[in-house]
Structure formats: structure tokens, C-alpha cells
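Every heavy atom of this structure was used, including side-chain atoms; hydrogens, water molecules and symmetry mates were not. Note that the coordinates shown come from a computational prediction; the quantities given were computed from them, not determined experimentally.
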Amino acid sequence: MSPSEKDTTPVFRVLRGDPEDAELAALVAVFGALASAAPPPDAPARSAWSSRTRATWRTSVLR
């Protein structure tokens with residue numbers, strides 16, 4: 001696909017209604033922000049010193 005074809009291909013289209021220019025600009029801004037957002041960070045690696053079992057709060061056995 002050439003750069004000129006890429007520029008003319010619509011990314012989305014309005015199926016109903018007659019949106020105003022400001023509404024379309026807001027929609028484009030939201031899509032642009034979502035596309036440029038950083039991916040969520042990966043979960044931190046589990047320490048070798050931590051327990052392998054699920055962490056649960058336990059009450060004392062010395063009641």
C-alpha cells in the first residue's frame with residue numbers, strides 16, 4: 001500500500017446521524033490518544049524468597 005493510499009483510506013465511518021465537526025474531532029482525539037498510549041506494564045517477577053503458596057491472612061492459633 002502506498003503512502004497516498006494509506007492517507008485516503010478511512011479509519012472509521014459514521015453509520016447514523018450527522019455529527020458536527022467538533023464531535024468528530026473529539027472522536028479522532030480519543031482514538032489518537034488510545035493508539036499512542038503506552039502498553040500496560042508487565043506484572044513484576046515473583047521473588048525467589050516469597051512463598052509459593054497463595055498469600056492469605058491467618059489468625060493466630062494461640063487464641
Side-chain angles (χ1 to χ4, degrees):
M1 181 179 276
S2 70
S4 62
E5 290 176 5
K6 187 176 183 182
D7 292 340
T8 60
T9 305
V11 177
F12 60 91
R13 62 185 173 145
V14 177
L15 298 178
R16 286 190 199 159
D18 188 21
E20 296 178 2
D21 291 340
E23 293 171 330
L24 285 177
L27 186 61
V28 169
V30 169
F31 284 151
L34 289 173
S36 65
D42 293 335
R46 190 171 193 82
S47 169
W49 292 98
S50 65
S51 173
R52 298 281 181 215
T53 60
R54 185 174 179 191
T56 56
W57 290 97
R58 298 183 193 134
T59 58
S60 173
V61 293
L62 304 174
R63 292 190 230 183

Can you list every ring pair (Phe, Tyr, Trp, His ring centres under 6.0 Å) pair that touches residues 14-46, not counting sequence neighbours?
F12-F31
Partners meeting side-chain contact (heavy atoms from CB on, under 4.5 Å) with V14 (sequence neighbours left out)
P19, L24
Is V30 isolated, or which residues cluster with it under the ILVMFWY side-chain rule of less than 4.5 Å, directly or via members?
L34
